[in-house]
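These numbers come from the heavy atoms of this one structure, side chains and all, not from hydrogens, waters or symmetry mates.
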Amino acid sequence: MTAARLVRTAVVLVLPVALVGCGSAPGDVAVPSSDAAGEAIQVRSAGSVAPRTGGLTLPLDAYALTAAEDQALGRAAESRVRECAASAGLDATQVGPLPFGTAAESAAAVATRHDRRYAVADPEIAATHGYHPPATADVRREFHEAHTDAELEVLVACLSETTRASAASDEAGLRAGAELVSEVQTGAWHAAMADPRVADAFAAWSSCLAAAGFDYAAPMEANDDPRWWASDVASAEEIATAVADVACKQSTGLIPVWSAVEAEHQETLIAEHRAELDAYRALLDAQVASASTAR
Amino acid sequence: MTPIRRLTAAVVAGMLSFSLVSGYVPAAAAAEHDGGCGGLELCLFYNSGQRGASHDFRYKVTDFGPYAFLGAGAGAGQSVKNRAASAWNLDGYFTARIYFNSGYAGPADDVTPLTKRNLGDTYNDNASFNWCHRSPLVCG
């Protein structure tokens, strides 16, 4: 065991105490009224019907961070992690790369976050990858593979404590809010699946696909066909199926119908949980404001 | 024993007790797909409450089909796909997002850093999983 490792171990042990002091007080932050949040939802949901899923927004997105908010939190967290790692004895060359995206990566990730919600929807992706998701940068794997295990011990502890510190005073509230958002998301998904308008759209899509020689009752049956998933690479048959699937999604207007119905059910569930969701949004806003003033 | 060796021995003993008390397992100790939950892994369990046979994943998976529950507990040998009841995320920073459908499609359950939970929507309906930044849950 090296002396540097001993120092790092000691610092990791005291991190929970040291980092709590770094968070700024949440009391001096303006939070939007619930009316403002309501307006934001209406604005966002008005544009939710898109020809493809690219750039799709759903009402529940009002309760997730925007790309700019993500960047503000990411930059604040990154500087905290660098300080933490330095005090744990890592030099600058041992700290990078950290798993924080650039502004462009944040923007792209937020814009495409619903791209696979209704499985493959883009003709070019279907023609190249079938139902498989195209390979994207795996920031977590890059982060792990760029560091020794000893470095990772320190960096993951620093990342974890930084997240805790940025949660300011209400880590439990943030977690409960995220869980509620997740529940609304799954609830609206299944409500849309049971909605007759979606059932009709699935029937039209299924007939279209049958005419092309493929037999599936619903889009996720085609996506989840076990024949595709025994391999990491799409077969010719998988690609042919996915191409016909996307063509039928487009010709029957499936995704605009499906996403609009899902958006409706999200809005219903959001209205049922308005107070809790607005309180969660206020916590997110406080987190962003605190990150912006901390730098 | 020299003073330095005595100091080293004392610190090693201290670290061991830290590991035992905190449950923190150094990353080096954990290989994925070995049936042991450790390091920076997501563990999926056949039964609720993190019981029964399990499987440990370090990196994202587009389809759970090829992976079986390991060990000797309930469910051992069966495919993890559509048979997981509970989860444990041992990563301190990334959220594990477990999807209803293959290839990260459809709705999902989140397992936040360093938490255990019974699966909700994806209970016995887990097809794939990805790692996401804690906020705003952008997945890699």
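Taking B:Ala127, B:Ser128, B:Ala108 one by one and counting their heavy-atom pairs under 4.5 Å with chain A, the maximum is reached by B:Ala108. Listed options A:Pro219, A:Ala188, A:Ser182, A:Pro99 were ranked by heavy-atom pairs under 4.5 angstrom with chain B; first place goes to A:Pro99.
Judged by the 6.0 Å distance and 45° axis criteria, A:Arg140 is positioned over the aromatic ring of B:Phe94.
At a heavy-atom cut-off of under 4.5 Å, chain A is reached by B:Leu114, B:Thr115, B:Asp121 from residues 114-124 of chain B, listed in order of number.
A:Asp195 and A:His265 form a side-chain donor-acceptor contact under 3.5 Å, judged by distance and modelled atom types alone. Residues A:Asn223 and B:Asn101 bring no donor and acceptor atom of their side chains to less than 3.5 Å of each other.
Proximity to chain B involves both the backbone and the side chain of A:Trp229, based on heavy atoms less than 4.5 angstrom apart. Using a 4.5 Å cut-off between heavy atoms, A:Pro226 makes no contact with chain B at all.
Partners of A:Glu78 according to the salt bridge (charged side-chain N to carboxylate O under 4.0 Å, His left out) rule, which considers only residues two or more places apart in sequence or in another chain, are A:Arg82. In this view, A:Glu262 and A:Arg117, A:Tyr118 satisfy the side chain to side chain donor-acceptor pair (under 3.5 Å) rule, not counting sequence neighbours. Residues satisfying the side chain to side chain donor-acceptor pair (under 3.5 Å) test with A:Tyr280, not counting sequence neighbours, are none.
Taking the six-membered ring where the residue is Trp, A:His144 and B:Tyr59 present tilted rings, their angle falling between 30° and 60°.
For B:Phe57 and B:Phe64, the distance between ring centers is under 6.0 angstrom.
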